[in-house]
Structure formats: structure tokens, C-alpha cells
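A quick write-up on the structure given underneath.
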Amino acid sequence: MENKKYIAEVIVNNSVNKLDKLFDYIIPPQFINIIKEGTRVLVPFGKGNRQFEAYVFGVNIKLDEDTSKLKEVIRPIDEEPILTINQIHMIKWMKGKYLCKYIEAIQCLIPAGVVNKEKRFIYVNREKLNNHKYEMTEIQKDIINYVEEKGKINVESLYKRFSYNEVYRVIKQLENEGIIIIENKVDSRIDIIKEKYVRLVISKDLYKEALDSIKGAKRQQELMEFLKEKVEVKISELVNSHGFGRTIINGLLSRNIVEVIEKESKRDPLLNLELKPFPKLEPNDEQRVIIEEITEAINNNRVETYLIHGVTGSGKTEIYLQLIENTLNEGKQGIVLVPEISLTPQTVERFRGRFKEGIALFHSGLSDGERYDEWRRVASGEANIVIGARSAIFAPFNNLGLIIIDEEHEHTYKSDLSPKYHVKEIAEYRSKHEQSVLVLGSATPSIESYFEGVESIVKVRELKNRARNAKPPNIEVIDMRRELECGNKSILSRRLHSEIEKNLEAKKQTILFLNRRGYSTFVSCRSCGHVVKCKQCDISLTFHMTSKELQCHYCGDKYTAPRECPECSSKNIKYFGVGTQKLEMLIQSYFPKAVISRMDLDATSKKGAHNEILESFKSGEIDIMIGTQMITKGLDFPNVTLVGIITADTMLNMPDFRAPEKVFQQVLQVSGRAGRGFDEGKVILQTYNPEHYSIMLAAKQDYISFFEKEVELRKAFNYPPFSKLINITFTGENEKETYLAISKITDNIKYILKSKGYTNELDDIVFGPNEGMIYRVKNKYRFYVLLKSNKENYTLLKAIIKYLLIDSRQKFVSDNIITSIDMNPLFIV
DNA sequence: AGCACGCCGACT
DNA sequence: GTCGGCGTGCTC
């Protein structure tokens, strides 16, 4: 008899760097048919054999090999694999592309709520306690009393009362003596709500016989007749709505005529939203051509990427809707990505209004339970459309036909946690491996995406006309330096001031855009020049009028507003800069009769506040709406005829090569809010850089010229799309140690590059180490190195980083430094 | 991360 | 002698 062993290769759910690899476990014979690739299992791990959740990535058969060092899998966690083979492939690909950990990639695909965590519970064994021989120490008594008092408690909760070391030692000793008992438990953080259903188990030919057999029980017969019509009915429904009591159901149960089954009930986050139908619109010629072409690609399982470049209001959403409809007709599923679901409620409403059901929503506002339910709905095939932010790209569909990324250029599509993926990259992968079509849409496509169009990697389709034939708004540039010269120190130019006045008289609505929240953006002493900064970040504090406090916009810390300079005690301390709160007060003082509202992070922090403000704006109660970038997306209000951009160019001063692109996108985005109805829209753009190309071309709304100019500059300075960037960030509490660590890494990168023959070009590849843009955040210092690579050396650079920061990390970086790798950074901070 | 081993100094 | 401090190394 041969010695045949089944071995599971697993990833242990533990985010420690060193454990980010496959571990082998023996599969006990009774589980051989259950445990396969993608199954979650429980395994004993480490010296203490603590129980951990693990993901099976492969199953091998070993014959006559020494497996004595291997431990056994305790049990499977799920009956069915939680990951498909395709998903395991994608996880491996993500690890390779983003240099992240397996478990980080896994957590993208599986919602946080499904992932179980081990908990240790302890309780006192009274018998042993009463019989113990020696005198206990004070701390032992304290801990025992505490545990006695609470019954069975989680060990974690002890750490709140006692120090870790105390607990550690005491518990260990008492456990050895048997006085306390420790139980390891893996609890699901989610309670799956199960509901009981009743259904007939009698076949049709036996039905009559069964009915006759309970002649005396009239109500039971009625219940049988009732169930005959339906497949299965909730017990709660039978009892509450139809008056069939427990005894009636039990009667049929005991005769084996019906059975009770349990089903997971799914909470529906859309449940409390009312549903307004959104009828199908007849597409115009431009739209029809695009819909037909893409539908043809979907129907033929072609791997294709389209970029729809269409101005705001050109009817992209209707194209999306009809494409999804055609996808569903083919029996396939579709994913619709939006930058931020709370800011694009209209998109969601339209999809719901058109398709009514089968839609799952994925976004950050969901509770763990809701997220889990939505994920289950997709995995089980109950939903065939997913609408959501970034994370929705991982929706577990098995017959994906179409992925739509709306507002493709938005930076929210880039993850800020490891793996630092961009939705577009994941979408391209899925499209390629699941034979589905990818559609990108934007009025201001990212330079990279449009460039791929130029290179014929994606197919660009232009939408030139506004669907309702509305004219694009007229953008007027105001030179704010001129205003100063003419003695106007106000934040409003004379032109914008008079336009607002006119608009108020005409009973039209105005939007004012300012991308800085708070009241004053910095506080400074006029005597000594001291600027008040956050104690743990390298950031000047913003004054907030509502709370009368200074706030750090980085770590969120709050300080009382000083009346005198904290440095020199001078009373000559002044509040400078204008944020949305101050703008609101200023505008109110200029236009006392106007009804003004403000929409920014502070005004919308309460749940539902966002919707409330939008509703009252929609109803026309509000004359002037002041807001940050929050108002730039998705608002479609026909009565808005004037948009004022208070300062368009603060971003242009940032050391970011993408700044002009962001300014251009933002101006066009805000401008698109004006003139969506019958009246022509007007935009007043205030700037200190009127001759900057991004301002000038934004005013002309000329995307193509802007694209060409930008591409020219990117080429000259070798920025993406002509190069690939890699950013490495080190963060640590010890400034010097962090700097030395990143310097060491930088030197090593350069050394390896040199050894591979890159001697003269080193300064064009490796930049840094530099201090982070915000050098200190939450008392931690940040440094970064930027690597600029071309097609030839990208693989080499990636291999170097993998070697230095992952495979041999211990040799180069100490554990108290946080390292982060960004393979295609959108911003460098 | 945990947990154990092991090597040193301060005590019953 | 031995208890306990923490540095080091491993986890299938």
C-alpha cells in the first residue's frame, strides 16, 4: 500500500511580512473531497498552534514523501470554495504587479466582513481555584477577580485594564496550573441572518393522497393548497399575513408533507430608497452608432477597450444603460463604476429606475453586514449588475460581459492602500481574462487613456453634441492681479460680483466653487511671523468658524484658537486665507437677501445631510451654493446658470506634473454644472495665472489642444505616458533612522543598476531620497524615492525593489519603519 | 505578530 | 543556583 498524502498549499490570514508565502498542510482523509483550490480552512499555526484562517491556493498529492513535519488542516470553513481559480490567478497577478502581499490582494476580492478573526476567551476553573496551594500575588488576584466577575471574556478586553506583560505572564502561569482555561474561537464578525421557509415535499402524484389523509385537519389542507401555488413561503409571512399558526405548520411537518429550510436573508441597502422609473430614451445618431458597435463586441466576446469622450450632458449615461441592457440580454453580467457613489446618486437612480432589480451596490458607506450581503447576492447570481466605487471592480461575477468606468479620469479610482491598484488596470485584466468589453467614459479623459487612443490600444469614440442640444457654457477668465491693481482686495472680482447680482434678480441659481474648506486657511503672527502648525504634523492649521477651533486637515486634531501668538505672546495675531466657511459669510454680507448654502466635508458629515442640501437646492429654495470639489460631480440642475470659480489655480503651484491636467479637468467639470437647462450657462473663472495654458485652454473648453500641449511637455520631461513611475515611501517615528534606511535602499538600487550597466543614466532614473511633501504626519516622518523607468528597465527596477523591500526586507529595513510601494503613483506625497 | 529559546545580570 | 529581562529566529 502506497503512502499517499494530500497536501494543501495555503495562505495564512495574517498580515505579517514574513508570513506572506505558501504553507503546506496535510489534508485529513475525511476532507479530501471538500478542500480544494479556493476553499477557506482553519489551520494550527506557529509554536502555540493558534488557529488561523487560511486560503487554499493549491492541492498536491505526495507519494511516499516525508510529511512528518507537516501539520494537519483542522477543518474547512466553507462548504464551497470562496475563491474561484480565476480569482486565485488574479491574486497572484496582483501580487506580482503591485508587489503587495497575498493577503492584501485577497482582501480586495473578499469583503472584510467575511474574513473571520480568531478570538481567545478565558474563564476561571473554580474547582482548581479553590484547591490551589500557594498564596497568589496581587496582580494574579486582580486578574482572577476581574475574569470571575465577567464570566467568560475575550482576552483582548483584559489589555484595557492590565498591561500586556502582566496579562501575558499571569495567564500563562494560571493556565499551567489549570486555574484558568483558555479557549480559542474563530467567530464570524458577521451574523448571517437566516430565515426559515416552508415548502411542500410531496410529489404531484402523491399530493391528492396526502390531502385526503388529513381530512379532519381543515386548516392544514388549506395550507397545503396555499403552498401548492408557491414554491416556498417564509414562516414569518405565513404566521403574520396568512394566519397559519405554528401548530398547523407543525402538523404538516410531522406528516412529512412539508419541510422547513433555512435561507440567508439579505439586507438590501436600496430598500428604503424610492424607485422612480427611468424610461428608455431614443438614442441620437452619435449614440446609436456607439451602442451598436460596442454591443456587437460584447455579443462576440471580444476583448476590447473603448474610450467615450463626450462633453458633460452628451448622454453618456444613456449609452451605459443600453449597453448594460444588451449585456443582460446576452445572459452576461455588468459592472458600472462611479467615482464616489454618494456624489453620483443620479447615476444610481437611473440604473435602478431602468432595471428595477438585480442591482447590487458596492461602496464605502455600507456596513460590514450590508457589504457582505451585496457580495453574496453577486456571488450567488441573484444580482447581475453591480454599481459601485473602486471596490466594485472585484465583484465575483462568473460571466462578465461589460465593465463601465464612468468619469475615467477621477483620482478616486486609485487605491491609497496596498495594493495601490488603479481600477482601470484591474478592469483591463478582467476584460482580457474574462472576454469582456471595457468602456471608459469622460469629458476630460486622463492624458494616459487618451494617449492609448492615439496609439490605437483603445478605441476612442467622440460624442460632440450635447444630447438636449444645449449650448456649452461660456467661460470668462478674470485676471485677479488686475483686480488688485484697481484696488479691489475682495475675493470677488467686480465682474463676478455683478453677475451674481444679475442672477439673483433673474431668480436663477449660482454655484461658487472654492477648493478649501474651513474659515481661515492659516493663522499667523504679524509681529514675529510665526505660523500656527499642528503639533504632530507639518501642516498649518485651518480655523473653523462653526466650532471656533483650529483644525489639522491631515490628522483631524483640534486646537483652541489662540488670542495671542504662542511664540512671542503678541496680540497681533491674524487669521489669513479664505475657506468655504469664510466665503459663505462674505457672500452673505455682500448679498444679504440671498439664501446661501454650503456643501463641503464639514457641512455633509452628518448622515443624510448631503442629500438634504441637494434636495433644497433642487427645489429652488437656495440661491447660491458654495462648495468644494464635492459639487463638481454629477449635479444636474437646470436652473443653475452661473458658476463662479473663486480661484482656479492654487493647484498649479504644487510640485506635481499632473497639476495642469487636474486644473483643466476641474474647471471643465465645474463649468459643466452651468447651463444644463434651456438658458445658456455662464462661468466666471478667477485666476492669478490667466496666461497658463491649462487655464486658457480650459476656458476655450478645448480638450484636444490641451492634450497635445500636455503630451508635448510630458515627452520633453519624460513623464507618463512616456515613462513609468515607481514611488517608494518610508515612514517612521525616528527621523534619522528613517532617512538612513531610505538612503541605504536608494544606494542599493543605484548600486544594482550600476552593476547592470546603467552608469550614466542613474540621475535620470533615481530621484531622491526626498522629504515627503508633507514631511511629518501624526508624528511620523516621511521620505520618498521616485524611480522613473522606461520599457526596457521597468522589469529590472521591479525586480530590484522586490529583492530589497520584499524578499530580503529584513536585511535592509528594520521593522519599525513602514514601507510603501506605489507602482504607478498619481500623486507623490 | 506570537511564541520559545537562550544568554546575561540580580536576587531568595 | 534560579528568576526574569530582552535579543534572535521561526512559523508548513
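Throughout, protein chains are lettered first and strands after them, A, B, ... in sequence-line order, and every chain is numbered starting at 1.
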Rounded distance in Å - OH (A:Y102) to P (C:dT11): 18 Å
Check: A:F23 ring centre within less than 6.0 Å of A:F52 ring centre: no
Nearest-neighbour nucleotide for the A:Y25 side chain, B:dA1, B:dC3, C:dC12 considered: C:dC12
Between P of C:dC12 and CD1 of A:I74, the distance in whole Å: 11 Å
Euclidean distance, atom OH of residue A:Y55 to atom C1' of C:dC12 [Å, nearest integer]: 18 Å
Whole-Å gap separating C1' (C:dC12) and CG (A:L42): 15 Å
is_close_aromatic(A:F730, A:Y781), centroid dist under 6.0 Å: no
Gap between atoms CG and C1', on A:N14 and C:dC10 respectively (whole Å): 13 Å
First encountered from the 5' end of DNA chain B, between A:K47 and A:D815: A:D815
Between B:dG2 (P) and A:Q51 (CD): distance, integer Å: 15 Å
Sugar-phosphate only, base, or nothing, as touched by A:L19 at under 4.0 Å among non-hydrogen atoms: base
For atom CD of A:E53 and atom P of C:dC12, their distance in whole Å: 17 Å
Whole-Å gap separating P (C:dC10) and CZ (A:R50): 20 Å
is_close_aromatic(A:F783, A:Y775), centroid dist under 6.0 Å: yes
Sequence-distant partners of A:K95, salt bridge (Lys or Arg N to Asp or Glu O under 4.0 Å), two or more places apart: A:D20
